[in-house]
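All remarks here apply to the structure that follows.
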Amino acid sequence: MTDLPLAAFLGLSAVLLGIGIFGILTRRNFILLLIAIEVAMNAAILNFVVFGAYWGGTPGYGLEGPSIAVVLVGLAATEVAVGLAIVLALNRLRGSINVAEATVLKL
Amino acid sequence: MTAIPWTVFVPELFLLGAALLIFLLDSVGFRWLEVFGGLATGGIVLALLAVLADLRFAPLAAFATVPANVVDAPWSQLGGSLVAVTSFGLVFQAIFLTSALLVSLSSLSRPTKEKGAAIFFGLLLFATLGMTLAALSADLIFLLLSIEITGISTYLLVGYTRRDPRGLEAAMKFYIIGALSAALSFFGASLLYAAYGTTSLYALGTTVVYLGHPPLDGATSIALLGYAFLIVGIGFKVTAVPFQAWAVDVYDGAPSDVSAFLAGGSKKVGLFGYFLVFLVPILFAGRLATAPPACPVGLCVTLHPDFGVPLQVIFGVMAIVTMTVGNVLALQQSEMKRMLAYSSISQAGYMLIGLAVATSPAIAGALLQIFAHVFMKAGAFLVVGAVAGLGIGSKIEDWKGVGLRYPYLGLSFAVMLLSLAGVPLTVGFVSKFVLFSAAVQAQGWFVWLAVAGLLNSALSVFYYARVLRVMYMERPEPRSAALPSGAVLGGSEPPLLALGGIGYGRAIAIGIAVVAIFAFGVYPQVVLSTFQNAANHLLQAL
Amino acid sequence: MILDLLAFLVLAVTAVVTALAALLVRELVHTIVWVALFFVSLAGFYFLVSAPFLGVLQLGVYAGAVTILLLFGVMVTRKRIFAREAATGLGPAPVALALLIVVVLATAASTIPSSTTQVHGYSVDALSAALFGTYGAWLLLLGLVMLPALAGAIYLVREGRE
Amino acid sequence: MSGTLSALFPWAFLVPLAPTLAFVIIGLFGRRMQRLEWGGWVAVGGAFVAMVLGVLIAVGEMLSPGTYSDRSVAWLTLPGNGTGAFPHGFSLVMGTLVDPLSAIMLIVVTVVGFLVMLFSIGYMHRDQGLPRYYAELSLFLASMLGLVLADNLLQFFLFWELVGVCSYFLIGFYYAKPSAASAAKEAFLVTRIGDVLFLLGIFIYFDLFATAGPGAGWAASGFLFVSHGAPFLAGVPVSNATLFTVAGLMMLGGAAGKSAQFPLDVWLPDAMEGPTTVSALIHAATMVAAGVYLLAVVSVFIGFTATDQLLIVAIGGFTTFWAASMALVHRDIKRVIAYSTVSQLGYMVLAVGAGFTMVGLYHLFTHAFFKALLFLAAGAVIHAVETQDLFKMGGLRKSMRITSIGFLIGALSLSGIPPFAGFFSKDDVLGSVYQAAQSHPAYWPFLILAYATVFMTAYYIFRAWFLAFSGDHPRDPTLPHAHEAPWTMTVPIVILSGLAIVAGLLAFVPQFGGLFRAGAGFLPTPGVPPTYTTTSLLLSGLSVGLGLTGILTAYVLWGNGRVFTLAESSAVQPIRRLLLERYYVKAGVDWFGLRVVYTVSRFLAFVDEYIIDGTVHGFERMFSELSTRARRVQSGVVLDYAAYVVVGLAIFLVFLYLVVPAFPALGGG
């Protein structure tokens with residue numbers, strides 16, 4: 001049983017989310033975009049773990065958080081796999097994974 | 001406590017079974033599109049029948065698998081169950097399955113030699129499975145995960161042609177925005193969990209007293225932010241402005257059948273999510289005013305004194321902006337599929353009116369609009385696919401004379417466009433009529449939603465009429481009139497139906513859509529009363 | 001107590017720095033290294049808040065599997081592994097936007113009083129019971145996400161011999 | 001027996017369904033049905049089924065007089081929640097109502113419809129575009145039957161519009177002829193004026209009754225006419241009497257448009273550009289009677305105020321005289337009958353306005369048969385001699401015996417000579433207005449006009465008969481030698497002749513008369529006796545005398561091939577010219593159009609071009625420009641799309657976290 005600044009954890013996850021969003025807005029390499037999305041996703045997972053630990057003190061409750069975290073870790077990995085599949089197919093076709101260059105569909 | 005029996009999942013089991021069978025057959029080297037398509041269609045039909053039985057439609061009621069006391073049980077009795085059976089959800093399941101049925105029927109007419117038939121139908125089934133599961137959720141994480149099943153399946157569906165750069169580009173865009181939205185919605189869920197220690201949709205919106213433990217201090221503001229994230233994360237599926245931009249490119253780049261599924265089905269799962277997540281906080285203020293909840297142990301902590309109004313403002317503004325942006329952008333569009341995509345965005349705006357007004361008639365109206373949109377928009381995309389299959393270009397101007405040359409397709413498309421524009425005797429008129437009347441009935445600033453909707457309907461007529469004019473009043477360019485020119489000029493009889501070229505599965509799917517547009521336009525009460533019941537029950541159960 | 005706080009600070013700084021570095025360095029292979037470190041630092045948090053099971057999971061799935069996947073992606077998509085990314089300018093707008101969101105969130109977070117910072121642990125037994133019992137549906141759904149994802153992903157990357 | 005036939009009432013919807021099916025079949029396959037007269041026989045079949053069913057239902061209603069059988073489905077229900085704009089909600093209803101009124105109309109519409117369809121087979125045989133003709137005619141019949149059976153005002157309006165659209169297409173059947181196209185347009189536009197008024201009236205009624213208490217008003221029940229077998233709204237207290245009167249006037253406006261009452265009468269004579277069969281069915285027997293039927297329905301189920309009634313009487317009485325006067329001088333056989341139709345419709349309106357709804361319907365009933373007879377006979381003549389000019393015809397009595405007798409019977413009936421049908425109904429109209437005038441002195445002038453019209457009617461119709469049939473040979477020797485028409489044409493004429501004789505006497509059959517009495521039993525206006533029963537011999541004698549005088553005058557002037565020419569110097573000459581020129585209304589309209597409107601329109605064109613057009617184009621350009629500009633947000637770069645998402649997120653975060661707490665009105669604080 002430890003004491004930790006919950007507000008600081010929430011702030012940290014906010015910062016991580018901000019970094020993820022920042023990455024999504026500025027990076028053009030599909031793999032970097034994947035990483036940015038993973039960073040944002042980890043911010044959410046961090047919240048679930050930390051607050052799972054906090055709510056864990058309530059009898060009978062508090063196991064939702066870590067359970068969700070477990071599921072989300074798996075989900076994020078799946079998303080990365082799907083993303084990579086799309087990258088590879090795109091790379092095979094266009095020879096580039098710069099997302100800003102794929103603009104056949106517009107207006 | 002109401003125990004949820006496993007039979008609740010019978011429709012899902014049909015879908016899953018069909019999907020697994022398809023993957024299994026594929027893995028042993030079986031290649032026969034009709035069999036895969038037949039399996040998928042069969043699974044979807046069985047699931048649809050099961051859902052209709054659970055909705056207790058008269059001829060099927062005897063086969064209901066869900067006990068009557070489980071359907072629409074008050075959520076306070078669910079005891080934190082992740083699953084709830086509401087007639088609202090069942091209605092949505094029926095809508096999802098209908099759009100999947102149209103798409104899978106029409107996909108039976110794909111070229112038989114095409115590779116990837118198994119993966120197409122398998123993914124279609126999984127996407128549908130995700131949506132039907134979402135419609136059962138009583139829990140935020142359950143909802144988001146189900147939506148994610150649909151999401152992942154549809155990213156891959158959009159790109160399943162593999163060698164089509166447009167399809168892959170669409171898949172890439174869809175994936176990026178989708179994954180971003182997923183991250184944002186899970187972050188929002190984590191904030192709500194942080195604030196209240198639960199992800200049960202019911203408990204989140206009411207008081208925490210049911211869970212027997214106090215919320216985090218400062219929970220109100222954190223929960224507010226959590227809801228903001230959820231508006232964004234789920235709004236991506238709804239194609240509400242400003243989360244709409246992906247939709248146009250994706251609908252355009254994806255194969256037409258997939259576009260039909262996205263517009264007809266997967267958009268609706270977002271709307272379902274919106275209703276489920278936000279109705280409770282929106283209604284909460286009114287609930288407090290009329291019947292303050294009993295507070296036995298002094299742990300009744302409310303979210304926010306008046307959490308509903310700001311959310312209603314958000315959704316109201318979003319509705320107006322969405323319909324306007326969709327319509328204005330459609331005006332100058334020269335590509336047929338993109339025009340339909342913009343129109344689909346504007347239709348989402350109409351549907352959001354139901355959420356903003358949040359009265360029972362308005363929700364029923366939104367349901368009718370959602371239901372109607374399946375036939376109008378999915379049908380329209382199927383016609384576009386059929387016309388493209390006949391070798392006609394993707395631009396609106398390429399459709400010159402299509403109405404005369406292909407009477408069946410032309411007439412069907414005309415009916416769908418007229419319904420989208422809201423012409424009487426079509427279901428599109430009825431749904432708008434009900435929705436706008438409900439907004440007027442609610443009075444106050446909601447009336448402006450109806451006014452905006454009416455103005456937008458008027459605006460939308462321009463671009464629908466343009467297509468009709470091109471189809472019926474303009475003659476094709478000489479080069480594209482390589483076909484018997486007499487047919488175009490009215491010299492000889494055009495073929496009566498000319499179904500051969502488009503495939504019977506597709507023709508049947510289009511026919512179903514047209515018949516539904518008329519049937520429910522002439523006699524909407526048969527579904528409207530179901531929708532009204534569903535809306536009433538949802539409001540009572542929550 | 002102090003030690004915990006110190007650990008938190010160190011880990012927090014590591015997480016932020018590694019995440020930023022991963023997105024900002026111009027060599028993709030370096031990025032992968034930074035990402036791995038980022039995942040590891042997060043695992044550190046999980047140990048810190050008495051969630052060792054999740055820490056292990058994080059190390060295994062993220063720092064292990066996901067990192068390898070990403071590395072694999074980098075390797076397949078470039079001809080020269082150590083090629084540098086073209087520099088992309090840091091426009092003020094994206095930074096400002098991200099900052100705005102962070103500030104709003106942080107302001108809200110600061111309303112949590114320090115009195116509610118106590119953290120409780122739970123046993124892996126209890127967690128597994130919950131994961132496969134009460135919340136089993138979530139795990140089931142995860143499986144339903146993975147199935148089409150894998151089938152579709154394999155189909156997509158398999159070089160069609162047509 | 002009566003029970004068996006009453007069992008048919010809930011199946012009344014099958015009556016319009018039969019011609020609808022015919023419409024669909026002809027529309028889809030008509031072009032391949034050369035052997036079925038391009039779908040003509042399908043149309044006849046549809047009409048026949050409708051007639052058998054319709055007449056059976058009407059007989060069922062006669063055998064159980066006064067029953068109301070309403071079968072309806074609410075196709076759209078919006079429940080009210082006690083508050084808001086319409087506290088009781090409302091429902092839109094589709095249904096069939098079998099009652100005395102609709103039973104009468106069923107007989108008229110189905111019988112005349114069937115006979116005209118049959119007649120068409122022979123008459124239209126030589127024309128092009130027959131599938132279109134039969135499809136449109138079947139659709140017309142279906143819509144008319146839908147209107148007749150409507151159990152609520154909204155449905156009534158829907159079919160009313162549909163009927164108008166069919167009429168538009170059928171008048172313009174010879175669309176290559178400019179006059180036909182312009183007549184179709186004119187008919188459409190003029191009746192639209194009435195339609196708009198009608199719709200306005202419906203809205204006023206809705207507004208008046210929407211808050212009239214739970215279940216009491218239309219708000220809850222969708223504009224229904226009846227509920228539980230009794231008139232639904234008659235007797236519901238109305239909050240605003242002035243508005244109620246106005247709504248009644250709006251109904252009169254709608255009826256005037258459809259039934260070509262002054263001043264919306266100009267379209268009907270011009271509508272004769274359509275095929276004669278169309279004139280017979282639509283512009284004599286059925287559609288134009290819909291206006292009268294509307295007034296009848298409103299008077300029975302909702303009720304008019306005294307002011308409304310006076311105006312209806314005035315319009316009807318004046319139109320009677322006005323139209324008959326124009327019929328005195330025209331040379332075109334179809335136009336003479338068309339004016340006569342307008343005039344006779346005036347009689348019906350007059351009777352309904354005076355409070356004798358069923359008397360008006362009685363006249364409608366008999367008029368439908370003898371007027372259809374006149375038109376079909378005229379059609380047979382036109383078919384034979386290929387001209388419509390009376391002054392070229394003559395002596396046709398010999399070559400077209402059946403037709404000439406048919407026309408004669410129709411003319412006698414129209415003139416009100418006993419025992420032909422027209423005598424009874426016209427006599428009833430005049431007598432009942434006389435009776436009403438006892439307590440409403442303001443009706444007197446219109447009664448006098450109506451009596452004057454009796455003389456004129458007899459004169460002009462016999463003028464036409466003598467011109468066409470008497471004498472030894474056609475005045476124009478170039479006319480083709482006339483032959484009697486084929487059986488498909490003569491059979492309807494014979495049947496209609498029979499009906500024109502017995503239709504009036506039918507009222508003395510107890511069951512049939514009961515139909516009218518039963519309908520009258522529901523008249524809401526207090527103080528007016530429900531039905532006109534005793535005809536003063538003096539009044540009857542007066543009207544018969546006037547009719548005989550008219551016939552005699554016509555004989556003296558035109559009989560035996562004589563041609564009466566008015567001296568150029570005659571004092572009556574200006575009046576003749578006035579009548580020929582249709583009181584210069586048409587010319588006035590044209591002059592007005594040419595001079596006044598042209599001048600004004602040049603000014604307006606200026607305004608239009610530079611101000612309105614500018615504004616419209618401005619809007620158009622603005623939206624186009626907006627669209628073109630806004631489309632740029634769809635840059636194709638997915639990162640931009642992500643940026644929109646994030647911007648949206650930022651907006652919602654800021655709104656919910658910072659703005660909402662700052663504004664209590666938004667629920668914050």
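Lettering of chains follows the sequences in order, A, B, ..., and the numbering in each one begins at 1.
- Between A/Ala7 and C/Ala109, the shortest heavy-atom contact is CB-O, 3.4 Å.
- Screening residues 65-74 of chain C for side chain to side chain donor-acceptor pair (under 3.5 Å), with sequence neighbours left out, gives no hits.
- The minimum heavy-atom distance between C/Ala19 and A/Val39, with the atom names listed, is CB-CG1, 4.3 Å.
- Contact count versus chain A (heavy atoms, under 4.5 Å) is highest, among C/Leu54, C/Val145, C/Val103, for C/Leu54.
- With rounding to the nearest 0.5 Å, the separation of CG in C/Leu23 from OG1 in A/Thr26 is 7.0 Å.
- Using a 4.5 Å heavy-atom threshold, the side chains of A/Leu46 and C/Phe45 count as touching.
- Looking at every heavy atom in both residues, C/Val157 comes nearest to A/Arg92 through O-NH1, 3.0 Å.
- The contact between A/Leu75 and chain C is made by backbone and side chain atoms together, counting heavy-atom distances below 4.5 Å.
- With sequence neighbours left out, A/Phe48 forms a ring-ring contact (aromatic ring centres under 6.0 Å, His included) with B/Tyr193.
- Your options are A/Leu33, A/Val49, A/Asn98, A/Ile24, and the one with the most heavy-atom pairs under 4.5 Å with chain C is A/Val49.
- Under the 4.5 Å side-chain criterion, counting only non-hydrogen atoms from C-beta, A/Tyr54 is not in contact with C/Val49.
- Between C/Leu24 atom CG and A/Arg27 atom CZ the span is 5.5 Å, to the nearest 0.5 Å.
- Closest approach of A/Gly18 and C/Ala98 over heavy atoms only: O-CB, 3.6 Å.
- Within the 4.5 angstrom heavy-atom criterion, only side-chain atoms of C/Leu42, from C-beta onward, approach chain A.
- Taking every heavy atom of both residues into account, A/Ala14 and C/Val102 meet most closely at O-CG2, 3.5 Å.
- C/Phe72 is listed as a side-chain neighbour of A/Leu88, based on a closest heavy-atom distance under 4.5 Å.
- Only the side chain of C/Ala51 comes within contact range of chain A, judged by heavy atoms closer than 4.5 Å.
- Comparing A/Ile86, A/Asn91, A/Leu25 by how many heavy-atom pairs each has under 4.5 Å with chain C, the most go to A/Asn91.
- Looking at C/Ile154, neither its backbone nor its side chain comes within 4.5 Å of chain A, counting heavy atoms on both sides.
- Of the atoms belonging to C/Leu139, heavy atoms from both backbone and side chain fall under 4.5 Å from chain A.
- Among C/Ile101, C/Val35, C/Ile32, C/Leu57, the residue with the largest count of heavy-atom pairs under 4.5 Å with chain A is C/Leu57.
- At a threshold of 4.5 Å between non-hydrogen side-chain atoms, the residues C/Trp138 and A/Val70 do not count as touching.
- Here A/Ile31 is the residue among A/Ile97, A/Ile31, A/Ile21, A/Leu17 with the most heavy-atom pairs under 4.5 Å with chain C.
- Contact annotation: the side chain of C/Phe38 approaches that of A/Asn42 to within less than 4.5 Å [non-hydrogen atoms, C-beta and beyond].
- For the atom pair CG (A/Leu32) and CG (C/Leu28), the distance works out to 5.0 Å, reported to the nearest 0.5 Å.
- You'll find the side chain of A/Phe22 reaches within 4.5 Å of the side chain of C/Val95, heavy atoms only.
- Counting heavy-atom pairs closer than 4.5 Å to chain C, the top-ranked of the candidates A/Leu90, A/Ile45, A/Val87 is A/Ile45.
- Looking only at side-chain heavy atoms (C-beta outward), A/Ile19 and C/Val16 come within less than 4.5 Å of each other.
- Ranked by heavy-atom pairs under 4.5 Å with chain A, the list C/Leu142, C/Leu105, C/Leu97, C/Leu150 is led by C/Leu142.
- Between A/Leu63 and C/Thr134 there is no side-chain heavy-atom pair separated by less than 4.5 Å.
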